[in-house]
Amino acid sequence: MNNNIEKGRIGELFAQSVLESYGIRTSHVDITGDDLWAKTPEDVFIKVQVKSASKPLLHSSHHTLKKYNFALHNMQKYDGAVLLVALDKQLLLARWGLKIVTKTLKITPASFTKQAQDESVKKCFNL
């Protein structure tokens, strides 16, 4: 991946395919503030922002554990789902934007599992 735009686009398309696999209909949108629009099987409309990381990194010379880093600068007031994509693992975690309190989120690779993905998507989208 050459740049953040390309990484973001890949993450959005991956997230879209994951949501579709849960029966959530999605549409990729080119609107400031939203990456996807989603409609749950119960016809609930949800705005979606996707944040992607290529791989875990060491974030400081004194750290010993690599983590995925997600910049969430305007997500604290986002009334929709925020999907955090680990591109190298091909897994994501879902959070509700209004519950995000930090501007940067660092997540360990071990947090990205199929079970964690299932639980977070089902909780975030009320499945």
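Quick note: numbers below take in every heavy atom, side chains included, and nothing from hydrogens, waters or symmetry partners.
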* Asked: Under the side-chain contact (heavy atoms from CB on, under 4.5 Å) criterion, do Lys51 and Val85 qualify, and how do the steps go?
  -> CA-CA 6 Å; Lys51 299 296 179 184; Val85 178; over 6 Å; no
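- In the hydrophobic clustering of this structure, Leu127 groups with Val48; members are Ile, Leu, Val, Met, Phe, Trp, Tyr whose side-chain heavy atoms approach within less than 4.5 Å, directly or through other members.
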* To do: Begin with the C-alpha distance, continue with both residues' side-chain angles, and end with the deciding distance and a verdict on salt bridge (Lys or Arg N to Asp or Glu O under 4.0 Å) for Asp118 and Lys122.
  => CA-CA 6 Å; Asp118 288 340; Lys122 288 176 182 176; 5.3 Å; no
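- Taking 4.5 Å as the limit, every side-chain heavy atom of Ile24 sits out of range of all side-chain heavy atoms of Ile46.
- Considering only heavy atoms from C-beta on, Asp88 stays 4.5 Å or farther from Pro109 through its side chain.
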Side-chain donor/acceptor pairs under 3.5 Å, residues 10-19, sequence neighbours excluded:
from, atom 1, to, atom 2, distance (Å)
Glu12, OE1, His28, NE2, 2.6
Gln16, NE2, Thr26, OG1, 3.2
Ser17, OG, Phe14, O, 2.7

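- Phe45 and Ile31 fall within the same hydrophobic cluster, where Ile, Leu, Val, Met, Phe, Trp and Tyr residues are linked whenever their side-chain heavy atoms come under 4.5 Å apart, directly or through other members.
- Transitive grouping of hydrophobic side chains (ILVMFWY, heavy atoms separated by less than 4.5 Å) keeps Val29 and Phe125 in distinct clusters.
- At least one side-chain heavy atom of Leu72 sits less than 4.5 Å from a side-chain heavy atom of Leu84.
- From Lys67, atom NZ reaches atom CG of Leu58 across 10.5 Å, with rounding to the nearest 0.5 Å.
- Under a cut-off of 6.0 angstrom, the local environment of NZ in Lys77 is sparse, with at most 12 non-hydrogen atoms contributed by other residues, nucleotides or ligands.
- Side-chain contact between Val82 and Ile100: present, with at least one pair of heavy atoms (C-beta onward) separated by less than 4.5 Å.
- Side-chain contact between Thr108 and Leu65: present, with at least one pair of heavy atoms (C-beta onward) separated by less than 4.5 Å.
- Considering all non-hydrogen atoms of both residues, Ala94 and Ser120 come closest at N-OG, 3.0 Å.
- Here the closest non-hydrogen pair linking Cys124 and Ala81 is SG-CB, 3.7 Å.
- Among residues at least two apart or in separate chains, ring pair (Phe, Tyr, Trp, His ring centres under 6.0 Å) pairs with a member in residues 69-118 are Tyr68-Phe112.
- When all heavy atoms of Asn69 and Ala53 are compared, the pair lying nearest together is O-CB, 4.0 Å.
- Looking only at side-chain heavy atoms (C-beta outward), Leu36 and Val50 come within less than 4.5 Å of each other.
- The side-chain heavy atoms of Lys106 and Thr104, taken from C-beta on, include a pair separated by under 4.5 Å.
- If you take NZ on Lys7 and NZ on Lys55, they are separated by 10.0 Å, rounding to the nearest 0.5 Å.
- Across Gly33 and Gln49, no two heavy atoms sit closer than the pair O-NE2, 2.7 Å.
- Between Tyr22 and Gln117 the shortest heavy-atom distance is OH-NE2, 3.6 Å.
- Note: Ser52 OG to Leu87 CG = 4.5 Å, rounded to the nearest 0.5 Å.
- At a threshold of 4.5 Å between non-hydrogen side-chain atoms, the residues Asn126 and Glu42 do not count as touching.
- Formation of a donor-acceptor pair under 3.5 Å by the Thr113 side chain with backbone atoms of Ala116 is found in this model.
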